[in-house]
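Structure, as structure tokens:
Each ligand, and each atom within it, is numbered from 1 in the order the structure gives.
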Amino acid sequence: MRVLVIGSGGREHALCWAIAASPLCDALFCAPGNPGIAEEAICVPVAATDIEGIVALARCERIDFVVVGPEAPLVAGLVDRLESAGIRAFGPTAAAAALEGSKGFTKDLCAKYAIPTAAYGRFRDAAEAKAFVRRRGAPIVVKADGLAAGKGVTVATSVAEAEAAIDEAMVAQRFGAAGAEVVVEEFLEGEEASFFALVDGAHALPLATAQDHKRVGDGDTGPNTGGMGAYSPAPCLTPALEREVMERIIMPTVKGMAAEGRPFKGVLYAGLMLTRAGAKLIEYNVRFGDPECQALMPRLMSDLLPALLAARDGVLDGFDLRWYPDSSVAVVLAAKGYPGEPVKGTEIRGLAEAAGGDPSVKIFHAGTKRVDGRLVADGGRVLTIVAWDKDVAAARDKAYAAIDRIQWPEGFCRRDIGWRAVPPRPR
Ligand code: AMP
Ligand code: GLY
């Protein structure tokens, strides 16, 4: 079959790598892709959010199946448009993508279907939001309702900070329309974990567990990012906890969405806080996590493509996925300045030799481009280096050894990815 993957990040590189290995895949395309993806797929320069351009590309290349990586085209209705053009697509419709596209929608769904989450209020008026903040006190969390490229959440340690975040979203309109409404919610304490399930509208199949590292600095310090590294499996997500999350969070959501007339298909990604009162939902994403996907794909023993097709076709019931017992560690190499303004255009050398010929090391590209044959940085998160081995410590050591062979003085990474599973090695 002829497959088209949408997106250009490390997540999409990992998806292309897994799909290219499927015996079902006769031809693989990616729009727009990146120089790393170009080694697995034919890259076509159509933007991920150019819905009509993607439909035209899918028709022109006689694509049988489209796999959508990022959230923006999902929220904008790419899957609806492809399906109505008769092209099968993996991912939720716009109505179902509201689980990521509107935090207020998700909170109301949780309230209606008794899904554990932080207590909250929804506000379209800044004064009312601030009055709620003053009533509840700090710490408290302020979130822009819509998509804000991961920057719309403020965990405020004081009432003044929360009020400033409300002003930034609603008065200064820093996130545009996405911040016209805010959710103000209770601060949850605990360890965070990512939980992924493939969903076919009615059934859900949990994927292997993973844990992200959201803060930019070692020891979970500094500003939030899209994710600086991940590892899998995550020991904090015990089998008992996995069952609890499936029963109390994922399945009520799948059933609730179907009951609301918005059946969800695709990857449901629950950001969880493991509190003393049990797992609570922080937020939903409607796609694979990045860099969690890069940590998961090397552990997948089964063929990814039939699983994605089963989710699309509504036949996941009874479907099984097998995973290698190995642990994987994915470390993000970012351009200095990230998550603020990353330095762009600096040359990266030594990638070809970095893996040292080891087949259990893989370098996924995210923000790279080729200029006159040279590979240069072209984004915040630029590469994800993934290694897998018998345990987290061995996988991590291999990933960092590969990173140390990459010549890119303008890049940086966290040195403690996987620290919750094994303490970082002293340098
Ligand atoms: P989100 O974009 O919703 O994932 O939020 C970004 C980060 O903010 C999360 O990964 C958490 O670290 C933090 N966060 C969000 N909501 C809460 C909450 N209710 N309590 C504590 N931390 C939160
Ligand atoms: N790793 C966090 C995310 O994909 O949103």
### Query
What's the shortest distance from atom 12 (O) of ligand 1 to any protein heavy atom, and which residue and atom give it?
E192 OE2, 2.4 Å
### Summary
Of V153, T225, V141, I140, the residue with the heavy atom nearest atom 8 (O) of ligand 1 is V153
### Query
Given D145 and K107, is the salt bridge (Lys or Arg N to Asp or Glu O under 4.0 Å) satisfied, shown in steps?
CA-CA 10 Å; D145 180 74; K107 298 300 287 191; over 6 Å; no
### Message
Quick one, M246 and F195 - any side-chain contact, counting heavy atoms below 4.5 Å?
### Response
yes
### ligand 1 contact by E189, heavy-atom criterion under 4.0 angstrom
no
### Summary
One should read off an interatomic distance between L99 CG and T106 OG1, to the nearest 0.5 angstrom, of 4.5 Å
#### Entry: Those atoms of ligand 2 less than 4.0 Å from some heavy atom in G289
4 (O)
### Task
With ring pair (Phe, Tyr, Trp, His ring centres under 6.0 Å) as the test, would you mind laying out the steps for F364 and W17 before giving the verdict?
CA-CA 9 Å; F364 293 119; W17 178 69; 5.5 Å; yes
### Summary
Under 4.0 Å from one or more heavy atoms of E283, ligand 1 contributes atoms 1 (P), 2 (O), 3 (O), 4 (O)
### Query
Can you name the closest pair of heavy atoms from V141 and E186 and give their distance?
CG2-O, 4.2 Å
### Query
Do any N/O atoms on F288 end up under 3.5 angstrom from N/O atoms on ligand 2?
no
### Query
At their closest point, which heavy atom of I37 faces which heavy atom of C43, and how far apart are they?
CG2-SG, 3.8 Å
### Message
Taking 4.0 Å as the limit for heavy-atom contacts, which would you say applies to R11 with ligand 2: side chain only, backbone only, both, or neither?
### Response
neither
### Task
Considering only non-hydrogen protein atoms, determine which one is nearest to atom 19 (N) of ligand 1 and report residue, atom name and distance to 0.1 Å.
E185 OE2, 2.7 Å
### Query
Which ligand 2 atoms are under 4.0 Å away from a heavy-atom of D212?
1 (N), 2 (C)
### Query
Which of the atoms in ligand 1, numbered in the order shown and given with their element, are less than 4.0 Å from a heavy-atom of F187?
20 (N), 21 (C)
### Query
For atom 23 (C) of ligand 1, what is the nearest protein heavy atom, given as residue, atom name and distance?
V155 CG2, 4.0 Å
### Task
Give yes if a backbone or side-chain nitrogen or oxygen of L188 is under 3.5 Å from a nitrogen or oxygen of ligand 1, and no if not.
yes
### Message
In terms of relative ring orientation, are F196 and Y269 parallel, tilted or perpendicular, with 30° and 60° separating the classes?
### Response
tilted
### Summary
Correct closest heavy-atom pair for Y120 and D108 would be OH-OD1, 2.6 Å
### Query
At under 4.0 Å between heavy atoms, which part of R287 makes contact with ligand 2: side chain, backbone, both or neither?
side chain
#### Entry: Polar contact flag for E292 and ligand 2 (N/O pairs, less than 3.5 Å)
yes
### Message
Between E185 and K103, does the salt bridge (Lys or Arg N to Asp or Glu O under 4.0 Å) criterion hold? Intermediate values first, please.
### Response
CA-CA 11 Å; E185 68 176 36; K103 293 187 190 290; over 6 Å; no
### Message
Show me which atoms of ligand 1 lie under 4.0 Å from any heavy atom of K143.
### Response
3 (O), 15 (C), 16 (N)
### Task
For D404 and R415, run salt bridge (Lys or Arg N to Asp or Glu O under 4.0 Å): C-alpha distance rounded to whole Å, both residues' side-chain angles, the deciding distance at 0.1 Å, then the answer.
CA-CA 11 Å; D404 291 338; R415 282 278 160 187; 2.7 Å; yes
### Query
In terms of atom number and element, which parts of ligand 1 are under 4.0 angstrom from non-hydrogen atoms of M273?
21 (C), 22 (N)
### Message
Quick test of your reading of the model: are E260 and K112 salt-bridged, counting only N-O distances below 4.0 Å?
### Response
yes
### Query
What are the atoms of ligand 2, with element, lying closer than 4.0 Å to any heavy atom of G226?
1 (N), 2 (C), 3 (C)
